[in-house]
Protein chains: 2
Amino acid sequence: MFLFILRPEYPEKNMDNRKFEKISRALGDANRIAILQQFRKKKDCLYCAEVNDLLDLTQPSISHHLKQLVDADLLIPEKEGRNLKYVLNQEVLDDYIASLTDLKG
Amino acid sequence: MFLFILRPEYPEKNMDNRKFEKISRALGDANRIAILQQFRKKKDCLYCAEVNDLLDLTQPSISHHLKQLVDADLLIPEKEGRNLKYVLNQEVLDDYIASLTDLKG
DNA sequence: TTTATTTATCGAAACATTTAAATGTTTGAA
DNA sequence: TTCAAACATTTAAATGTTTCGATAAATAAA
């Protein structure tokens with residue numbers, strides 16, 4: 001009468017290997033790690049200009065790193081007029097953590 | 001009278017950025033992800049020869065990938081005579097997950 | 001000891017990533 | 001409309017990674 005589903009989609013949702021790889025690559029760079037860590041200080045969102053202050057890189061390089069993080073869905077970009085702000089994607093981080101937990105067996 | 005420690009060292013232990021980067025890079029490759037996923041099937045340990053069967057790569061390439069995983073401390077190598085077996089390092093995975101959780105804020 | 005097996009290392013080719021200079025695009029302000 | 005600011009894209013150089021063939025090292029077996 002009742003059906004028990006052992007590994008529900010919710011709350012952990014497993015991503016495919018291609019996405020897992022992409023996120024791992026995005027996380028595999030010191031500058032990008034520094035960007036992500038800024039979210040602990042600047043709680044909710046981070047402005048592109050702030051990243052420019054944070055890293056000793058030219059603007060195109062920073063643009064490149066932010067693109068990597070956005071392409072991996074770790075950051076969600078939001079336009080605010082001429083500026084651009086980023087929000088940390090908690091869900092994708094959770095999914096990535098779930099995949100790692102799954103890997104543990 | 002009582003002292004509350006907000007972020008105890010135990011059970012989560014935070015690694016430095018260099019190590020986090022190294023692990024991320026090790027995880028950022030399809031072949032190495034496939035190797036790690038084999039541990040779900042072959043529960044406790046994995047033999048080098050088994051990895052050879054798993055991946056369509058030459059022996060030196062597989063040796064290279066296993067080295068990356070060992071250098072990142074994700075795999076612990078154990079010699080067994082002429083053979084080599086690997087054990088998944090649960091602790092490092094836990095530390096990595098803890099760092100990611102920390103990143104979430 | 002000699003031979004075969006297993007894994008590691010070296011060297012080079014192919015490919016990917018990082019970085020910055022130059023330039024382009026978008027948007028707000030004058 | 002014109003100018004300036006914020007961010008993206010293109011291009012090229014430097015560097016790093018992946019891969020394989022050849023070869024070396026370690027160990028087990030004959």
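Per chain, numbering begins at 1; letters A, B, ... match sequence-line order. Given the structure is predicted, the values throughout are model-derived calculations rather than measurements.
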Whole-Å distance separating the CG atom of B:D56 from the P atom of D:dC20: 8 Å
If you pin B:K79 and A:N52 to their nearest nucleotides in DNA chain D, which one's is more 5'? A:N52
Specify the separation, in whole Å, of atom CD1 of A:I33 and atom P of C:dT18. 11 Å
Taking the minimum atom-to-atom distance to the side chain of A:H65, which one of D:dT19, C:dT18, C:dA21 wins? C:dT18
Tell me whether A:K22 is salt-bridged to A:D73, with the criterion being a basic N under 4.0 Å from an acidic carboxylate O. no
Atom CG of A:L57 and atom C1' of D:dA8 are separated, to the nearest Å, by 16 Å
Tabulate protein N/O versus nucleotide N/O from nucleotides 4-6 of chain C, keeping only pairs under 3.5 Å, one per line.
unit_1 : atom_1 : unit_2 : atom_2 : d
C:dT5  : O4'    : B:R82  : NH1    : 3.2
C:dT6  : O3'    : B:R82  : O      : 3.3
C:dT6  : O3'    : B:N83  : OD1    : 3.4

Earlier contact from the 5' end, DNA chain C, for A:G28 and A:P60: A:G28
Got a donor-acceptor pair under 3.5 Å from the side chain of B:Q59 to the base of C:dA8? yes
Measure the distance from CD on A:Q68 to P on C:dA16 and round it to the nearest whole Å. 13 Å
Please name the residue in the list A:L27, A:L88, A:N89 that meets the side chain to side chain contact (heavy atoms under 4.5 Å, CB included) test with A:L74. A:L27
Between the side chains of A:Q68 and A:D29, is a donor N or O closer than 3.5 angstrom to an acceptor N or O? no
Only one of A:K19, A:R18, A:R25 forms a salt bridge (Lys or Arg N to Asp or Glu O under 4.0 Å) with A:E21, so which one is it? A:R25
Within the structure, does a side-chain N or O atom of B:S63 lie under 4.0 Å from either OP1 or OP2 of C:dA8? yes
Round to a whole Å and report the spacing from CG of B:L27 to C1' of D:dT17. 16 Å
At under 4.0 Å, does any side-chain N or O of A:H64 touch on OP1 or OP2 of D:dT10? no
Nearest heavy-atom approach of A:V87 to A:C45 is CG2-CB, 4.2 Å
Protein-nucleotide distance (B:K67, atom NZ; C:dA8, atom C1'), rounded to Å: 9 Å
Taking for each residue the nucleotide of DNA chain C with the nearest heavy atom, is it B:Y47 or A:R32 whose nucleotide lies nearer the 5' end? B:Y47
Would you indicate whether the side-chain heavy atoms of B:S63 and B:Q59 approach each other to under 4.5 Å? yes
Distance check needed: D:dT18 C1' versus B:L69 CG, whole Å only. 14 Å
Respond yes when some side-chain nitrogen or oxygen of A:S61 is under 4.0 Å from OP1 or OP2 of C:dT19, and no when none is. no
Measure the distance from CD1 on A:I62 to P on D:dT9 and round it to the nearest whole Å. 16 Å
Taking the side chain as every heavy atom from C-beta outward, state whether A:N52 and A:Y47 have any pair of such atoms under 4.5 Å apart. no
Distance test, side-chain N/O of B:R25 to OP1/OP2 of D:dG16, below 4.0 Å: no
